[in-house]
Protein chains: 2
Amino acid sequence: MVSGDAGRPVTIDDVATQAQVSRATVSRVMNGLATVDPAIAERVRRAVELLQYRPSETARSLSLGRTNTVAVLVPDLANPMFQSILRGVTRAAAEDGFRVLVGDTQETPDAERDAAIQARRRCDALVLCAPRMGETDLEAVLAAASPVAVVNRGIEAGAVPQVSMDYEQAIGLLVEHLVGLGHRHLVYAGGPPTSASNRLRGLGLDAALARRPDLRIDRVSVGSTLEDGFASAAQVLGTGASAVLAFNDLVALGLLSRLRELDVAVPERLSVVGVDDIPFARFSTPALTTVHVPQEALGVQAWRQLHQVMRGDGAPGPLWLEGSLEVRASTGPVPA
Amino acid sequence: MVSGDAGRPVTIDDVATQAQVSRATVSRVMNGLATVDPAIAERVRRAVELLQYRPSETARSLSLGRTNTVAVLVPDLANPMFQSILRGVTRAAAEDGFRVLVGDTQETPDAERDAAIQARRRCDALVLCAPRMGETDLEAVLAAASPVAVVNRGIEAGAVPQVSMDYEQAIGLLVEHLVGLGHRHLVYAGGPPTSASNRLRGLGLDAALARRPDLRIDRVSVGSTLEDGFASAAQVLGTGASAVLAFNDLVALGLLSRLRELDVAVPERLSVVGVDDIPFARFSTPALTTVHVPQEALGVQAWRQLHQVMRGDGAPGPLWLEGSLEVRASTGPVPA
DNA sequence: TTGTAGGCGTTATCAT
DNA sequence: ATGATAACGCCTACAA
């Protein structure tokens, strides 16, 4: 696709002619293959330089049967979470000489299946981030688009590489922290009902309740954005809880903003925690207590697992990444 | 790359055999080309369905001479600005049937040139976001990788599609706003010296000074991140200015966080403004006065211009997008 | 309307 | 060590 001065792309044939050798030799030089007479190799290199020859990746792909490209499909490119995962995959894949083709399904589960199959036609592998599609479609995609790695959607299938954040554990850390501060009545400001990661958080709450029967945890459905958090204040305060577990940091920060408007002192009257540890969490007022989630690592590990499968080194088991508690100023002792 | 049950990818030949027709006919049916006998077309479609045939995009690309893919190169995938641009390009390009290959040069100007040429080999076009490379390299890339669109780097070259944010105008809006509140001594917390957009902001300051000779604007070099803003408090306060213009919202919010720790009342003692209107600007304490920048539109317009050139409809002139003032709570009258 | 054959640019096999 | 030649999978004149 890169053209010379004439406008017509310069091909391997042009170089061969210029250097007075065969295409095969040019190819060998370009790929550093086999042993080529140094003098001839030099002649070829000069011709390459002279003509500004760049091999066609498309032709190479066709001949080699691989594109050295991996597709990453996310539900929403605007979500900081998926941006981080995308960055992780991009950087990790680059280390192995792979490029990334990005697809954004814009939160329309119906489009995911086709988008996945479609993306896969041009790439050697696929990373599926938090797919929203149904179980049946997902299985079909996993079969049709293999090799595929799945991020943040716990699935049963054994042979497919997958890496997920252990939100159940994350919630456990937060509940323990709050309990340690004396809180006994909590409220969970939940995320999208269809989200697999929201389900995991719910399991974390269940586990916490099982451990501490004296605990009360109300659950309200809020959403996943700053706006959702902002709008949830009344609902959250209505429960009378002394601490709120937000679905994520965005919700927590949105809520914090509204609480300040309402003159609800945090953490004196209400403790607030989030999940993710996005960069802003440290800079809010008050700074947000949260669980640090290695988002970019999710992408990195997804690629590593995928690459392992592509090399034929067998399928690794599901990988669960754990978070760590970041105690900041938004949590404090339960009000007397 | 999608394989049938046998493991071997199913090709157009397999379908032709199955449907008892020639490859050409299968191709025609797949592309809805020409007029094919309905009965035969149906036979082909059944064969396609039966064999789960998916044409090889690679082979199509080689034959057609285009990939229907555009590369987007950004200095840093972690920067919210570039994420928005990427999203804009991805969505706009998708409407025209194009996919996006993303590249992250990780803020290493030396890597940009090769990355650009490299990315372009697999794609039909290239979007260069705020390239950090030198003028010479840039011109070389523009020539070698055409068609290229450039975002947020004002360049002289006339024929290349480019769209940039008019930061000069943005700064003008902010200065006028502050002047209207009575401020006469401002400080600019500047961004990276090599950044073209930082230079534009400087021009905005110059223009404002030209309009209002009674104004004093100190300039300090701060950076572009939350951390940079946080760390700049002493430097900023040291100037004695009554209002600070931050390079962007990140810097402004980081500064806000630190000012709160220092018990410097905003806006009572110091007014603070940013640039970008990132989602958080609305939710900080106090909410940040800033200029709304249509970041995603930058990406959308870049694609539109690029696509126009690719269609041979001629090169559009440079496009400058303008921001709009968002007055919030972080600015107020100059202290008595 | 359908089929035949050549070409897209590269790599890889096999002679030489 | 080098050069023909045949893939790779698809599209598209051109011929029938």
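Letters A, B, ... mirror the listed sequences (proteins, then strands); counts begin at 1.
- Listed nucleotides C:dG9, D:dT2, D:dC10 differ in distance to A:D37; the shortest reach to its side chain belongs to D:dT2.
- Between the CG atom of A:D13 and the C1' atom of C:dG7 there is a distance of 12 Å, given to the nearest Å.
- Between B:L73 and B:E112 the shortest heavy-atom distance is CD2-O, 4.0 Å.
- B:D14 places its CG atom 9 Å from the P atom of D:dG9, with the value rounded to the nearest Å.
- Looking at residues two or more places apart in sequence or on another chain, you find a side chain to side chain contact (heavy atoms under 4.5 Å, CB included) between A:D13 and A:T11, A:R23.
- Looking at the side chain of B:T11, the nearest of the listed nucleotides D:dT2, C:dG9, D:dG9 is D:dG9.
- Put simply, CG on B:L62 is 12 Å from P on C:dT11, counting in whole angstrom units.
- As a whole-Å value, the separation of A:R54 CZ from C:dT10 P is 12 Å.
- Nearest heavy atoms, A:Q18 versus A:A47: CG-CB, 3.4 Å.
- One finds a salt bridge joining A:D104 and B:R91 here, because a Lys/Arg side-chain nitrogen approaches an Asp/Glu carboxylate oxygen to under 4.0 Å.
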Inset, instruction - Between protein and nucleotides 11-16 of chain D, map the contacts as a letter string: B base, S sugar-phosphate only, - none, heavy atoms under 4.0 Å, written 5' to 3'. - result: SB----

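- Classification of A:E42 and A:R45 as a salt-bridged pair holds, one side-chain N sitting under 4.0 Å from a carboxylate O.
- Taking atom CD on A:Q20 and atom P on D:dA1, their separation rounds to 21 Å, with Å as the unit.
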Inset, instruction - Could you give me the CA-CA distance, side-chain angles and deciding distance for B:T90 and B:R87, then say whether side chain to side chain contact (heavy atoms under 4.5 Å, CB included) is met? - result: CA-CA 5 Å; B:T90 302; B:R87 188 166 71 251; 5.6 Å; no

